[in-house]
Amino acid sequence: MHFLREELQELSNQGLLVNIREIQSPQDAWFVADGKKVLNLCSNNYLGLANHPRLRDAAKEAIDRFGVGPGAVRTIAGTQSIHLECERRLARFKGTEATILLQSGFAANLATIPAIVGEDDLIFSDELNHASIIDGCRLSRAKVIRYAHNDVEDLERKLSEHQARRKLVVTDGVFSMDGDIAPLPDIVTVAKKHGALVMVDDAHGEGVLGEHGRGIVHHFGLTGQVEIEVGTLSKAFGVVGGYVAGTRELVDYLKQRARPFLFSSALTPADAGAALAAVDLLEESDELVQRLWDNTRYFKQRMSQAGFDIGKSVTPITPVMLGEAPVAVAFSKKLFEYGVFAQSIGYPTVPKGKARIRAMISASHSKDDLNFGIEQFIRVRDELGIQA
Ligand SMILES: *Cc1c(COP(=O)(O)O)cnc(C)c1O
């Protein structure tokens, strides 16, 4: 196994070795990382639900009613009522006939794509799609045709050039590194024209886009026009798990054919209970979503005024562009020294020369928190003598 040491050394030499910090408290606006209290600008906890009292209580109640584990896969040990309730409520929230829960957003993509398309089919996939979409495509054995990022003309050209039994267009809703959004109305139009199904992965969109955070399909007024929506419970919902939303037939079919559903156990009752509480909160009030956007506008405006290049994001994801990877790494380290945890991201996750710090804004931040964060960004830039 000495190759492992060599591989690790090689990653380290290239500056690609990821250092995973130890978090010694809940995911909140501030948390304790490696023994130090720091401002949290790195999580996908958009609405601050990961440690919300109502979700915590709901998880505990679910444990008291249903225990801690699901027992086995649902096709063998049955489905607990709380999972069914969660699926019904998610469907109502998304405005679809039905949903099916999976263990994660990653698993939801692996479950769906190979069940829908196979060897005789074509997948048209945005070149910047998430790794779980890419892996789902690979597992399906369908031929994958990548189109240029958010480029509907390129997509249409490719859709018209290639014929197959079935065509599937798949895209992230919100792209997690740049914070830009898929042009879904145009994608739906060209897909319809060429007889293709549309699947959108709304992982960074739900809880963020649309009224009450119902997601990208609502945001664009496309309810009923996107055949397959994939979601996660691990970002804005603050818990863990994934789901697929669509017609009753789609969900019934996935329950027969999706391998992560058939061969891997369900979420825990606590996860399902907490996710139900998240749906309750979002349906009751739009307040957290509004606060998230208020904070997002505030942070972006102040960072722009301070002269930072914050890219072309239109969502709470705020890339602070720094150029070369070692600069971004040094920047992130200094920020941490000054009490801000914001992760640097470099090649190969983003192109060479486009290294950045990705600041993630949450409804749980106060204006004082954001001001503190911005001050530290300016301080580090001045100390490192960077032009930004
Ligand atoms: C985060 C993310 C996932 C994975 O979600 P998990 O629930 O953490 O597995 C899938 N797709 C996209 C687009 C994501 O951003």
Side-chain angles (χ1 to χ4, degrees), residues 27 44-45 49-52 54-94 96-116 130-133 135-136 139-140 199 201-203 206-207 215 228-283:
Q27 285 280 350
N44 299 321
N45 183 23
L49 299 184
N51 190 37
H52 193 286
R54 272 183 58 186
L55 274 75
R56 292 169 57 125
D57 287 345
K60 289 175 198 162
E61 275 169 35
I63 289 174
D64 288 341
R65 278 183 66 205
F66 292 101
V68 292
V73 300
R74 289 165 62 177
T75 45
I76 291 172
T79 293
Q80 289 179 301
S81 319
I82 198 160
H83 295 87
L84 293 174
E85 175 68 4
C86 191
E87 287 172 336
R88 276 194 290 272
R89 293 293 307 284
L90 277 170
R92 191 171 89 186
F93 180 70
K94 298 296 280 188
T96 60
E97 281 177 19
T99 66
I100 173 175
L101 285 173
L102 280 308
Q103 301 80 3
S104 67
F106 201 109
N109 280 319
L110 297 194
T112 308
I113 300 170
I116 298 297
H130 190 262
S132 55
I133 295 179
D135 287 5
L139 282 173
S140 76
M199 168 168 164
D201 180 342
D202 205 18
E206 59 214 350
I228 305 165
E229 290 180 65
V230 161
T232 178
L233 303 176
S234 70
K235 288 177 175 140
F237 282 83
V239 194
V240 75
Y243 65 91
V244 185
T247 60
R248 165 62 53 196
E249 268 174 358
L250 171 71
V251 165
D252 286 347
Y253 180 73
L254 290 175
K255 285 183 179 172
Q256 305 300 317
R257 279 287 175 268
R259 291 166 69 84
F261 182 83
L262 297 170
F263 298 105
S264 181
S265 297
L267 296 181
T268 72
D271 297 326
L276 265 168
V279 176
D280 278 341
L281 270 170
L282 279 165
E283 284 190 340

>> Is the shortest side-chain heavy-atom distance between L139 and I113 below 4.5 Å?
In response: no
>> Quick check for you: to the nearest 0.5 Å, what is the distance between L101 atom CG and L90 atom CG?
In response: 6.0 Å
>> I'd like to check the side-chain hydrogen bond (donor to acceptor under 3.5 Å, both in side chains) partners of R248; sequence neighbours left out, ordered by chain and number.
In response: none
> Taking all non-hydrogen atoms of both residues, which atom of V68 and which atom of P269 are closest, and how far apart?
Replying inline: O-CD, 3.7 Å
> Under 3.5 Å, is there a donor-acceptor pair between the side chain of E229 and the main chain of D202?
Replying inline: no
>> So, taking the atom named CG in L267 and the one named CG in L233, what distance separates them when rounded to the nearest 0.5 Å?
In response: 6.5 Å
> If you measure from CD1 on I100 to NE2 on H83, what distance do you get to the nearest 0.5 Å?
Replying inline: 12.0 Å
> If you measure from CD on E283 to CZ on R89, what distance do you get to the nearest 0.5 Å?
Replying inline: 4.5 Å
>> Show every salt bridge (Lys or Arg N to Asp or Glu O under 4.0 Å) that has at least one partner inside residues 102-116, sequence neighbours left out.
In response: none
> What pairs with K255 under salt bridge (charged side-chain N to carboxylate O under 4.0 Å, His left out), at least two apart in sequence or on another chain?
Replying inline: E87
>> One pair to check against side-chain contact (heavy atoms from CB on, under 4.5 Å): T75 and Q256. What are the steps and the verdict?
In response: CA-CA 9 Å; T75 45; Q256 305 300 317; over 6 Å; no
> Taking all atoms of both residues into account, what is the closest heavy-atom pair of V251 and V244, and its distance?
Replying inline: CG2-O, 4.3 Å
>> So which atom in A72 and which in A77 form the shortest heavy-atom distance, rounded to 0.1 Å?
In response: CB-CB, 3.6 Å
>> For E85, give me all partners under side-chain hydrogen bond (donor to acceptor under 3.5 Å, both in side chains), at least two apart in sequence or on another chain.
In response: R88
>> For the backbone of V73 and the side chain of S264, can you confirm whether one donor and one acceptor N or O come within less than 3.5 Å of each other?
In response: no
> Where is the tightest heavy-atom contact between R54 and A277, given as atom of each residue plus distance?
Replying inline: O-CB, 3.9 Å
> Step by step, would you call R259 with L110 a side-chain contact (heavy atoms from CB on, under 4.5 Å)?
Replying inline: CA-CA 8 Å; R259 291 166 69 84; L110 297 194; over 6 Å; no
>> Test of understanding: with side-chain hydrogen bond (donor to acceptor under 3.5 Å, both in side chains), list the residues that count as partners of D271, not counting sequence neighbours.
In response: T268
> Say you draw a straight line from CZ of R257 to CG of L262; how long is it, rounded to the nearest 0.5 Å?
Replying inline: 8.0 Å
> By salt bridge (charged side-chain N to carboxylate O under 4.0 Å, His left out), which residues pair with E61, not counting sequence neighbours?
Replying inline: none
> Between atom CZ of F237 and atom CG of L281, what is the distance when rounded to the nearest 0.5 Å?
Replying inline: 10.5 Å
> Any donor-acceptor pair under 3.5 Å linking the side chain of N45 with the backbone of L49?
Replying inline: yes
>> Please give me the minimum heavy-atom distance between P114 and S140, naming the atom from each residue.
In response: CA-CB, 3.6 Å
> When you look at Q27 and N51, which way does the side-chain contact (heavy atoms from CB on, under 4.5 Å) test go after all the steps?
Replying inline: CA-CA 6 Å; Q27 285 280 350; N51 190 37; 6.0 Å; no
> Does N109 reach the main-chain N or O of S132 with its side chain, forming a donor-acceptor pair under 3.5 Å?
Replying inline: no
> For E97 and E249, what are the C-alpha separation, side-chain angles and deciding distance, and is it a side-chain contact (heavy atoms from CB on, under 4.5 Å)?
Replying inline: CA-CA 9 Å; E97 281 177 19; E249 268 174 358; over 6 Å; no
> Under the 3.5 angstrom rule, does the side chain of Q80 hit a backbone N or O of F66 as a donor-acceptor pair?
Replying inline: yes
> How close do A107 and P260 get, heavy atom to heavy atom, and via which atoms?
Replying inline: O-CG, 3.8 Å
